[in-house]
Amino acid sequence: MAMAGLAKRLGEKAFNGRGEAVLGAINGFSGVQAAAFEAIRERIDLVDMVLDIRDARIPLSSANADLQDIISRKKRLVLLNKMDLADHSVMRNWTRHFEQRNECCYFANAHNKDGMKKLLHYLQAQLNGISSTKPAVLVMTVGIPNIGKSALINCLHQIARTRFPALEKLKRATIGPLPCVTEDIKGFKIGHHPSIFVLDTPGVPARSIPDVETGLKLALTGALEDSIVGEDCLVKYLLSILNSCAAPLKWKNLDTEVSEEFSGTLPEDSKDGESNLTKAELKKRKKERRRFSDHTQDNVVFDVRRALYKTFAAFENDLEKEDGLENLINTQLAALQRAFRISDDSEKRKTARKVLNLYRIGRLGHYTLDTVPENFPST
């Protein structure tokens with residue numbers, strides 16, 4: 001049995017039979033989401049190009065199927081954001097996949113200004129033909145929530161302001177109010193001669209999620225709230241993915257590496273005797289507490305990676321069987337709890353939250369969760 005397929009089944013099992021109930025709670029539009037969807041549909045004829053923004057880790061799962069029919073009749077660019085968190089080795093295959101579907105795609109990181117400058121040049125080149133016949137060009141962004149649309153637009157707008165100082169500090173065009181929504185759809189100017197406005201729209205989730213695995217991917221990447229699926233379920237799904245691709249083995253060198261930076265022990269929480277410490281000693285103790293309580297610090301990440309490697313390398317059961325993989329995950333969760341210096345077993349959810357956060361900021365590696373469709377020839 002392939003471990004990748006087992007990861008999927010383990011994720012479904014982690015719902016404890018709640019899969020259909022959870023999907024039912026997710027599926028369907030709220031009033032606000034329905035209003036946003038309708039506003040996009042009504043304004044699509046005004047725009048010259050659509051940026052279909054998706055998560056580079058889940059290029060297919062993060063597509064809003066409900067919007068595809070609406071935006072398909074417009075010039076479109078599939079913009080795969082958060083490329084810094086995805087597996088770079090498969091990006092070329094994804095580019096070819098979209099090209100074979102006659103769709104343009106572009107990988108981006110909204111927090112990389114140099115990359116955003118290249119994206120701006122690319123957009124201007126794509127819009128050259130349109131801009132020669134119109135005084136202003138409108139580009140609409142669409143996508144699911146928490147996909148990075150606003151961060152991307154803000155970066156492009158800031159770059160444009162730097163290149164064209166004559167622009168007003170916060171020049172924007174209001175296209176029209178969204179019914180039932182407090183925020184308007186606003187256009188931010190990103191180009192001059194010709195004028196190019198990019199329209200920021202509210203994140204609109206898909207009306208329905210087709211299966212549990214897609215729901216897990218959306219939740220793991222932050223497109224759905226953790227509470228909908230549950231942190232315990234998500235962290236098990238994440239660990240099953242890491243183990244299925246033997247990711248912990250890349251931290252083998254940490255098993256023997258010794259560094260003074262990582263050899264410290266967590267200062268006692270008790271403040272007994274602090275009255276006898278100097279101000280400098282008190283400051284040092286507080287700094288040490290912060291260093292170990294912040295799970296994103298290098299010393300804590302070191303221990304987390306090492307815990308994952310040691311448990312993976314030492315495990316002797318059959319990982320091709322569901323029980324074997326689940327036993328490994330439980331062993332890893334116990335080791336991770338120790339790595340985070342969490343002594344209370346009732347705080348297991350805190351361990352899950354910290355592991356998920358480390359994954360989402362890229363401290364546990366870069367992974368693309370969707371796979372290129374099987375009928376596509378990989379390189």
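Given the structure is predicted, the values throughout are model-derived calculations rather than measurements.
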Working for side chain to side chain contact (heavy atoms under 4.5 Å, CB included), residues Leu51 and Met140: CA-CA 6 Å; Leu51 296 185; Met140 176 184 281; over 6 Å; no
Contact check, side chains of Thr141 and Leu199, non-hydrogen atoms, under 4.5 Å: no
Arg363 (side chain) donor-acceptor with Thr296 (main chain) under 3.5 angstrom: yes
Value rounded to 0.5 Å, distance of CZ in Phe188 from CD in Gln158: 10.5 Å
Interatomic spacing from CZ in Arg360 to CG in Leu238 - rounded to 0.5 Å: 9.0 Å
Heavy-atom donor-acceptor pair, Asn146 side chain to Gly222 backbone, under 3.5 Å: yes
Check ion pair Asp226-Arg353 (N to O, under 4.0 angstrom): no
Leu239 vs Leu333, side chain to side chain contact (heavy atoms under 4.5 Å, CB included): CA-CA, chis, key distance, verdict: CA-CA 9 Å; Leu239 291 177; Leu333 287 173; 3.7 Å; yes
Main-chain N/O of Phe302 paired with Arg306 side-chain donor or acceptor, under 3.5 Å: no
pair Val78-Leu80: side-chain heavy atoms closer than 4.5 Å: yes
Expected output: side-chain Ser72 to main-chain Asp69 donor-acceptor under 3.5 Å: yes
Side chain to side chain contact (heavy atoms under 4.5 Å, CB included) evaluation trace for Val139 with Asp48: CA-CA 6 Å; Val139 179; Asp48 303 291; over 6 Å; no
Nearest-0.5 Å distance, CD1 of residue Ile71 to CE of residue Met49: 11.0 Å
Gly191 versus Ala160, closest heavy-atom pair with distance: N-CB, 4.4 Å
For Cys155 against Met116, the heavy-atom pair lying closest together: SG-CG, 3.3 Å
Tyr122 and Tyr106 aromatic ring geometry - parallel, tilted or perpendicular at 30°/60° bounds: tilted
Value rounded to 0.5 Å, distance of CZ in Phe312 from NZ in Lys252: 12.0 Å
Nearest non-hydrogen partners of Gln337 and Asp344, listed with the distance: NE2-O, 3.5 Å
Minimum heavy-atom distance Ser62-Arg54, with the two atoms named: OG-CB, 3.2 Å
Same apolar cluster: Leu85 and Met83, side chain cutoff 4.5 Å: no
Short side-chain to backbone donor-acceptor contact, Asp370 and Leu60, under 3.5 Å: yes
Check: Ile241 and Leu369 side chains under 4.5 Å, non-hydrogen atoms: yes
His97 side chain vs Pro373 backbone, donor-acceptor pair below 3.5 Å: no
NE2 (His88) with more than 12 external heavy atoms under 6.0 Å: yes
Heavy-atom check, side chain of Phe37 versus side chain of Ile70, under 4.5 Å: yes
Side chains of Leu328 and Asn317 in contact at under 4.5 Å (non-hydrogen atoms): no
Gly143 backbone acceptor or donor facing Lys149 side chain under 3.5 Å: no
Residues Leu234, Tyr359; criterion side chain to side chain contact (heavy atoms under 4.5 Å, CB included); working and verdict: CA-CA 11 Å; Leu234 283 178; Tyr359 159 74; over 6 Å; no
Lys348, NZ: over 12 other non-hydrogen atoms inside 6.0 angstrom: no
Heavy-atom pair with the smallest gap, counting every atom of Glu347 and Ile342: CB-CG2, 3.6 Å
Pro59 side chain reached by Thr368 side chain, heavy atoms, under 4.5 Å: yes
Spacing of Glu231 atom CD and Lys354 atom NZ [to the nearest 0.5 Å]: 13.5 Å
Any donor-acceptor N/O pair, Thr311 side chain to Gln332 backbone, under 3.5 Å: no
Sequence neighbours excluded, every pair satisfying side chain to side chain donor-acceptor pair (under 3.5 Å) that has a member inside residues 76-85: Asp52-Arg76, Gln68-Arg76, Arg76-Glu103
For the student: nearest non-hydrogen atoms of Asp66 and Asn64, plus distance: N-OD1, 2.9 Å
Minimum side-chain heavy-atom gap Leu79-Leu152 below 4.5 Å: yes
Short side-chain to backbone donor-acceptor contact, Asn112 and Gly115, under 3.5 Å: yes
Pairwise distance CG(Leu119) to CD1(Ile159) - rounded to 0.5 angstrom: 8.0 Å
Asp200 and Ser150: side chain donor to acceptor below 3.5 Å: yes
Test item: Val301 and Leu358 side chains (from C-beta on) under 4.5 Å apart, heavy atoms: yes
Pair Thr214, Asp211: side-chain N/O donor-acceptor within cut-off below 3.5 Å: yes
